[in-house]
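Okay, structure first, notes after.
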Amino acid sequence: MAKIIAGVSSSHVPAIGAAIDNKQTEEPYWKRVFSGFEKSKEWMAQAKPDVVILIYNDHASAFSVEMVPTFALGCAAEFPPADEGWGPRPVPVVKGHPQLAAHIAQSVILDEFDITVVNKMEVDHGLTVPMNLLFGSPKEWPCPVIPVAVNVVLYPPPTGHRCFMLGRAIRKAVESYPEDLRVVVFGTGGMSHQISGPRAGLINSKFDKAFLDNLTKDPKKLTRIQHLEYMREAGAEGIEMVMWLVMRGALEDKVDEVYRFYTVPASNTAVGHIILEPHRRAAKKSAGKAKKPAGKMKRAAARAKTAVRRSR
Ligand SMILES: [Fe+2]
């Protein structure tokens, strides 16, 4: 059966993509940002997922404001990079996984989670920047990607709680897929930032760090944050953080935080990143449970032997 082996979240700042494309990653300003993802790339090279499910938002590239689905699932065989005004980014075409995507569509919709099925879609920096941060800049992406687009650009976006529950539904779908696939779920966007208006440039590190803490320890607390609180504390575009809750909902309640990185600013945005894995002690415990009967049986056999010797 397929299983989710980890969750990863990261900001998807477009200027990070431009820094990669313009070969500025070694410049001191950008080195500070990219150095925070070196360990993550090592982790990903070891994790070697078979599929990535990547939660992101489209920035009027695939969906204009004329039609914005709240949740959209990419079921196509491939997703070319979108032209965001400077030509498509020089990154590989994203290969999809139509079979698993169709299974997720069926599972979540029959689970009463009405997601939009998208069979043709270009993907913008919201998806390609996190791919670069976690996989570097290879000629081909090392695994298929299933894009899940969330509307956080046109009011009203979904609540954090709804996003968390979508993650739960995605986990149920993945765990009922018969092929042995190792899946990593990405939540992208954020962290605090506001790109226009009198509060442009807003960054709230205290809010961001508390969000990261609770993402690991108490995600249900985060599901109660209302839109206005995101706006007030994290800026107008800080609402993107609800997409991290899709990733968190796709994981078990208890997780181990294996890596975290936070720096400010990149362009005018706080950059946050976290890697979460299923809780190891829980995994050991369930393995231990399987061994217990064997131990009990051995002790019972030893007692029986003693009883036999005594009776002789
Ligand atoms: Fe964004």
Side-chain angles (χ1 to χ4, degrees), residues 8-21 30 33 36-37 52-65 68-72 74 79 81-86 88-89 91 94 118 121-134 145 147-160 163 166 185-197 199-204 207-208 211-212 215 222 225 227 230-231 233-248 261-274:
V8 172
S9 275
S10 99
S11 308
H12 61 214
V13 186
I16 293 178
I20 296 168
D21 301 345
W30 287 112
V33 175
F37 290 86
V52 161
I53 298 174
L54 198 148
I55 322 298
Y56 76 112
N57 69 287
D58 177 74
H59 304 75
S61 303
F63 311 115
S64 75
V65 288
V68 184
T70 300
F71 297 117
F79 305 93
D83 183 348
E84 299 180 62
W86 302 270
R89 287 197 62 216
V91 292
V94 172
V118 184
M121 183 165 70
E122 293 181 348
V123 289
D124 67 15
H125 69 270
L127 185 142
T128 59
V129 165
M131 288 293 287
N132 283 132
L133 290 172
L134 273 297
V145 178
V148 177
V150 178
N151 168 36
V152 289
V153 296
L154 188 69
Y155 187 82
T159 63
C163 288
L166 174 62
V185 180
F186 281 37
T188 75
M191 297 190 89
S192 58
H193 66 301
Q194 176 149 340
I195 54 177
S196 59
R199 297 203 310 158
L202 178 145
I203 282 175
N204 184 345
F207 180 87
D208 291 338
F211 191 94
L212 287 165
L215 199 68
L222 299 180
I225 299 176
H227 289 147
Y230 281 110
M231 289 278 285
E233 299 297 329
E237 280 72 33
I239 189 65
E240 288 186 343
M241 279 190 268
V242 294
M243 295 185 288
W244 293 36
L245 295 177
V246 182
M247 176 284 281
R248 188 60 182 90
F261 173 64
Y262 183 84
T263 187
V264 291
S267 183
N268 55 1
T269 305
V271 170
H273 167 48
I274 200 163

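These values consider heavy atoms only, across backbone and side chains, with no hydrogens, waters or symmetry-generated copies. For ligands, and for the atoms within them, numbers begin at 1 and follow the listed sequence. Numbering of residues begins at 1 and proceeds along the displayed sequence.
For the Fe ion (ligand 1), protein N/O/S neighbours under 2.8 Å (waters excluded) are His12 NE2, His59 NE2, Glu240 OE2.
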Quiz: residues 265-274 side-chain donor-acceptor pairs under 3.5 angstrom, not counting sequence neighbours:
{"unit_1": "His273", "atom_1": "ND1", "unit_2": "Ser9", "atom_2": "O", "d": "2.8"}
{"unit_1": "His273", "atom_1": "NE2", "unit_2": "Ser40", "atom_2": "OG", "d": "2.7"}

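Checked against side chain to side chain contact (heavy atoms under 4.5 Å, CB included), Ala200 has no partners two or more places apart in sequence or in another chain. With sequence neighbours excluded, the residues forming a ring-ring contact (aromatic ring centres under 6.0 Å, His included) with His59 are His12, His125, listed by chain and number.
Without hydrogens or angle criteria, Ser11 side chain to Gly190 main chain gives a donor-acceptor distance under 3.5 Å.
Rounding to the nearest 0.5 Å gives a distance of 9.0 Å between CZ of Phe79 and CG of Leu127.
Contact of the Phe71 side chain with the Pro69 side chain is not registered, since no non-hydrogen atoms from C-beta on lie closer than 4.5 Å.
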